Chemist: 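Can you keep this structure in mind? I'll have questions shortly.
The structure presented is a predicted model; accordingly, all values stated were derived computationally and were not measured.
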There are 2 protein chains.
Amino acid sequence: MRKTRQREAILAVLSGERRPLTPTEIVGLADQAVPGINLATVYRNLKLLAETGQVISVECFGQTARYEVAGLDHHHHFLCEDCDRLFDLPGCVEDFESIAPRGFEVRRHHVQLAGRCDECAAG
Amino acid sequence: MRKTRQREAILAVLSGERRPLTPTEIVGLADQAVPGINLATVYRNLKLLAETGQVISVECFGQTARYEVAGLDHHHHFLCEDCDRLFDLPGCVEDFESIAPRGFEVRRHHVQLAGRCDECAAG
DNA sequence: TTAGCTGCAAAAGCTTTGCTCTGTT
DNA sequence: AACAGAGCAAAGCTTTTGCAGCTAA
């Protein structure tokens, strides 16, 4: 895996922002560092970086997948329905297994809150 | 809103199955009652039925939206990673608001468990 | 009769892929 | 010099839309 300006820019953008970003958001932000960076390049890199464990793909309810840097503690997300930004939430509620029927094997859980972020609520 | 064979079939399929279905699953099942039913018709009807509150759109993490009949109690879903079916879960864990940062307005929450359903786990 | 609805086909939006050229190593 | 990777354009999918004919009311 080579070190390219495009890949560096993508990682820099993901590290710089504190929230999961869509490929389109990423290409817009990375374009400042690497003018003309291509959306296909971003998709290919995100896939590769996800496979090598450097970024995490964040699936959203009813929305395009977003990506964030790997290595964060277990956490969930908050979608602002006004500005459409996705935020990290610090903790986790537990005891999800308890609501699964007998015989079901729970391997993973996804939680997403939605509403208005502090900025939009204040505005 | 007229009563058409196609619309009846879609509602019948949704009532008959006990889990949220994708438009493609629906067109496959409804085709038995209305041969040749078109996918666009299914999409249009689902949209209309959702707007009039007769069906509920179920957003899934990283998957196509599915639909289920309206009027069910508040509940969440379980995705089987083996057979790719989505199941209803009876209850709900509460206290999601507690993990949102100060200033964030929580309006909705989504929970989805994933793993193996009882049939796949037994098989 | 007539306005809503269906089917078909084309369009639209997001993601992936083929190909050629570039640039890292 | 090799070959991973970038850019571009085309292809694939899912979902939406335009249109002409059909059909419930």
Chemist: Side chains of B/Asp84 and B/Gln63: is there a donor and an acceptor less than 3.5 Å apart?
Modeler: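 Yes, side-chain donor-acceptor contact under 3.5 Å.
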
Chemist: Would you indicate what A/Thr64 reaches in the nucleic acid, counting non-hydrogen atoms under 4.0 angstrom: base, sugar-phosphate, or nothing?
Modeler: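 The answer is sugar-phosphate, as A/Thr64 gets under 4.0 Å only of primed atoms, P, OP1 or OP2.
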
Chemist: Sequence neighbours left out, what pairs pass salt bridge (Lys or Arg N to Asp or Glu O under 4.0 Å) with at least one residue falling in residues 113-123 of chain A?
Modeler: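 As it turns out, the salt bridge (Lys or Arg N to Asp or Glu O under 4.0 Å) pairs with a partner in residues 113-123 of chain A, which skip direct neighbours, are A/Asp82-A/Arg116, A/Arg85-A/Glu119, A/Arg116-B/Glu105.
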
Chemist: How close or far is atom P of D/dG5 from atom CG of A/Leu46, stated in whole angstroms?
Modeler: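 Atom-to-atom, A/Leu46 to D/dG5, this comes out as 14 Å.
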
Chemist: Tell me: CD of B/Glu51 to P of C/dC5, nearest whole Å?
Modeler: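 Checked: the CD to P distance equals 12 Å.
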
Chemist: Does B/Phe104 have any ring-ring contact (aromatic ring centres under 6.0 Å, His included) partners at least two apart in sequence or in another chain, and if so, which?
Modeler: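 Partners of B/Phe104 under the ring-ring contact (aromatic ring centres under 6.0 Å, His included) test: A/Phe78, A/Phe87.
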
Chemist: Please give, in whole Å, the distance from C/dT6 P to B/Ile37 CD1?
Modeler: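 The distance from CD1 of B/Ile37 to P of C/dT6 comes to 8 Å, rounded to the nearest Å.
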
Chemist: Give a yes-or-no answer on whether the side chains of B/His74 and B/His109 include a donor-acceptor pair shorter than 3.5 Å.
Modeler: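 Indeed, the side chains of B/His74 and B/His109 share at least one donor-acceptor pair under 3.5 Å.
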
Chemist: Return no unless some side-chain N or O of B/Gln6 is found under 4.0 Å from OP1 or OP2 of D/dT23.
Modeler: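 For D/dT23, neither OP1 nor OP2 has a side-chain N or O of B/Gln6 closer than 4.0 Å.
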
Chemist: Report yes if some heavy atom in the side chain of A/Leu46 is under 4.5 Å from a heavy atom in the side chain of A/Ser57; otherwise report no.
Modeler: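 SC-SC contact between A/Leu46 and A/Ser57 ruled out.
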
Chemist: Grab the CG-P distance between B/Asn45 and D/dT16 for me, whole Å please.
Modeler: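 Spelled out: CG on B/Asn45 to P on D/dT16 is 13 Å.
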
Chemist: Measuring only between side-chain heavy atoms, which start at C-beta, is A/Gln112 closer than 4.5 Å to B/Glu59?
Modeler: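 No, too far: nothing below the 4.5 Å cut-off.
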
Chemist: Side-chain contact, heavy-atom cut-off 4.5 Å: A/Val111 with A/Leu89?
Modeler: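 Counting from C-beta outward, A/Val111 and A/Leu89 never come under 4.5 Å.
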
Chemist: Let me have a per-nucleotide readout for nucleotides 19-25 of chain C, 5' to 3', with B, S or -, counting only protein heavy atoms under 4.0 Å.
Modeler: ----BBS

Chemist: Just how far, in rounded Å, is P of D/dA10 from CG of A/Leu39?
Modeler: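 So the two atoms are 16 Å apart, to the nearest Å.
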
Chemist: Tell me whether the side-chain N/O atoms of A/Asn38 come closer than 4.0 Å to OP1 or OP2 in D/dC8.
Modeler: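 Looking at the OP1 and OP2 atoms of D/dC8, one of them is under 4.0 Å from a side-chain N or O of A/Asn38.
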
Chemist: Please state how far atom CG in B/Asp31 lies from atom C1' in C/dT6, giving the value in whole angstrom units.
Modeler: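 So the two atoms are 14 Å apart, to the nearest Å.
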
Chemist: Round to a whole Å and report the spacing from CG of B/Leu11 to P of C/dC5.
Modeler: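 In whole Å, C/dC5 P lies 13 Å from B/Leu11 CG.
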
Chemist: Nearest whole angstrom, please: distance from the P of C/dT6 to the CD of B/Glu8.
Modeler: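 It is 11 Å, rounded to the nearest whole Å.
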
